[in-house]
Protein chains: 2
Amino acid sequence: MKLDRQTIQLAAISLLNEDGLEALSMRTLAKALDVKAASLYFHFKNKDELMEGIAELISSRISQRLAKVENCDFYQLAHILREELKRVNDSPRIFEDTYPFTPNRTKLIVLGMKLMQDLGVDKRHLTVAGNMGNNFVLSYVADEQYFARDSQRQMPPEFAEQFPSPIDLANPDEAFNYGLDIFIHGLQATTK
Amino acid sequence: MKLDRQTIQLAAISLLNEDGLEALSMRTLAKALDVKAASLYFHFKNKDELMEGIAELISSRISQRLAKVENCDFYQLAHILREELKRVNDSPRIFEDTYPFTPNRTKLIVLGMKLMQDLGVDKRHLTVAGNMGNNFVLSYVADEQYFARDSQRQMPPEFAEQFPSPIDLANPDEAFNYGLDIFIHGLQATTK
DNA sequence: ACCTGAACACCGTTCAAGT
DNA sequence: ACCTGAACACCGTTCAAGT
């Protein structure tokens, strides 16, 4: 078997999409690649570095898609970010768990802050606002994937009664836009 | 040794505050309690149930504090939530990983939604807005605790240059209020 | 240069057995 | 009722050894 970092990362993503993060071990990954676990350590220093590579790979996909968008605004960034995160099961957890300043991720962070500046956000607030926007999308996708996984563990019935037919994760696109609106209007309201 | 769920949960919180979540195993916890790992399974079905108990314990602390506040508004809920989460290292991760509808947590969710309704949020939007508010505080505390842990792994210097002297996690209280303002003003702007 | 066998020090969990 | 010994099936990681 001829391994390289790319094929290992892609195999890892396949496993994630089948069984989720907790089923992804160096051993199951090796087995999927028809290789021994120790071999992976020739290509990655450790599991953390592999996870970092996955986050970076996803970030590069996002960068590539963004490059094709002209006059990209913050809405489009948020939507593309969400879409690409959704393509990899448990990606929000992976992003939370890894070092964020790899090349393509840094590009995204810088772009996000630039687009916020275009929205009128003061320079002193950029890091907080950027973090908050990032956290919003990550948490949103995490909730979506959690919801998709356990259609069982829902709200207890007495609870559900109180909030009938809401715009919720059953209407995920609408709900995402609503959340995004809150954030963007909030940004603008606090900069005026 | 006379064990019960409370003492086990408190010992677990102590370990979290010393070495963080990844150092908390059933075995290290048992050792801290001067007992064997198998004993813990008399009191908790499994590790997940223990984690759920910890989240519920933190939620009960929050409930107790809130009970003493008269005319509680959404700001105060957010601040007390943040403060109590900060008392337990890696608590945001624990909240994300566990079933949310335990008794005291459910009380907090219902209260949060009520306070949002007071703010003028439409009933149809309550679940999304509630989730978003919850995610905001959890992510914020997670970032604070991450920042406090690795004072090393900072922004790379070329990056830091672009954003001089921001209101960021080095001014955590100010930054939290700024983020909270964004959220609340955004809520109000999208309900008008 | 790239992969493996074999080991090390861990995990969560179960369950018959002890008191 | 409450705890333990001993085991099972896993982890991530290392490293001498193979090709």
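In what follows, every chain begins at residue 1, and chains take the letters A, B, ... in the order their sequences are listed.
C/dA17: no Watson-Crick or G-U partner with both key distances under 3.5 Å is found in any strand. Base pairing annotation: D/dC3 forms no Watson-Crick or G-U wobble pair, as no partner gives both donor-acceptor distances under 3.5 Å. Checking C/dC8 for Watson-Crick or G-U wobble geometry (two distances, each under 3.5 Å) identifies D/dG12 as its partner.
Two residues, A/Thr28 and A/Lys45, neighbour DNA chain D, and the one matched to the more 5' nucleotide by heavy-atom proximity is A/Thr28.
Between the P atom of D/dC10 and the CE atom of A/Met26 lies a distance of 18 Å, rounded to the nearest Å. Put simply, CD1 on B/Ile8 is 14 Å from P on C/dG12, counting in whole angstrom units. One can place CE of A/Met51 at 11 Å from P of D/dT13, the figure rounded to the nearest angstrom. The separation between A/Arg27 atom CZ and C/dA6 atom C1' is 11 Å, rounded to whole Å. The interatomic distance linking A/Leu50 (CG) with D/dG12 (P) rounds to 10 Å, in whole Å. Separating the CG atom of A/Asn46 from the P atom of C/dC10 is a distance of 18 Å, rounded to the nearest angstrom. At whole-Å resolution of the value, CD in A/Glu22 and C1' in C/dG12 are 12 Å apart. Here D/dT4 presents its P atom at 8 Å from CG of B/Leu3, a figure rounded to the nearest Å.
Ion pairing between B/Lys47 and B/Asp97 fails under the 4.0 Å rule for side-chain N and carboxylate O. Remark: B/Glu52 does not engage B/Lys45 in a salt bridge, criterion side-chain N to carboxylate O under 4.0 Å. Salt-bridge formation is detected for the pair B/Glu84/B/Arg87: a Lys NZ or Arg NE/NH1/NH2 atom is positioned less than 4.0 Å from an Asp or Glu carboxylate oxygen. Contact check on B/Glu49 versus B/Arg5 returns a salt bridge, with a Lys/Arg side-chain nitrogen under 4.0 Å from an Asp/Glu carboxylate oxygen.
If you look at A/Phe183 and A/Tyr178, their ring centroids are not closer than 6.0 Å.
Between B/Lys36 and D/dC3, a side-chain N or O to OP1/OP2 separation shorter than 4.0 Å is absent.
With B/Glu56 as the fixed residue, the side chain to side chain contact (heavy atoms under 4.5 Å, CB included) test singles out one of B/Met51, B/Gln9, B/Arg105: B/Arg105.
Each of D/dT13, D/dG5, D/dC3 was ranked by its minimum atom distance to the side chain of B/Val35; first place goes to D/dC3.
A cation-pi geometry, defined here as NZ or CZ lying under 6.0 Å from the six-membered ring centre and within 45° of its normal, does not hold between A/Arg82 and A/Tyr140.
Within a heavy-atom distance below 4.0 Å of DNA chain D, the residues of residues 37-44 of chain B found are B/Ala38, B/Ser39, B/Phe42, B/His43.
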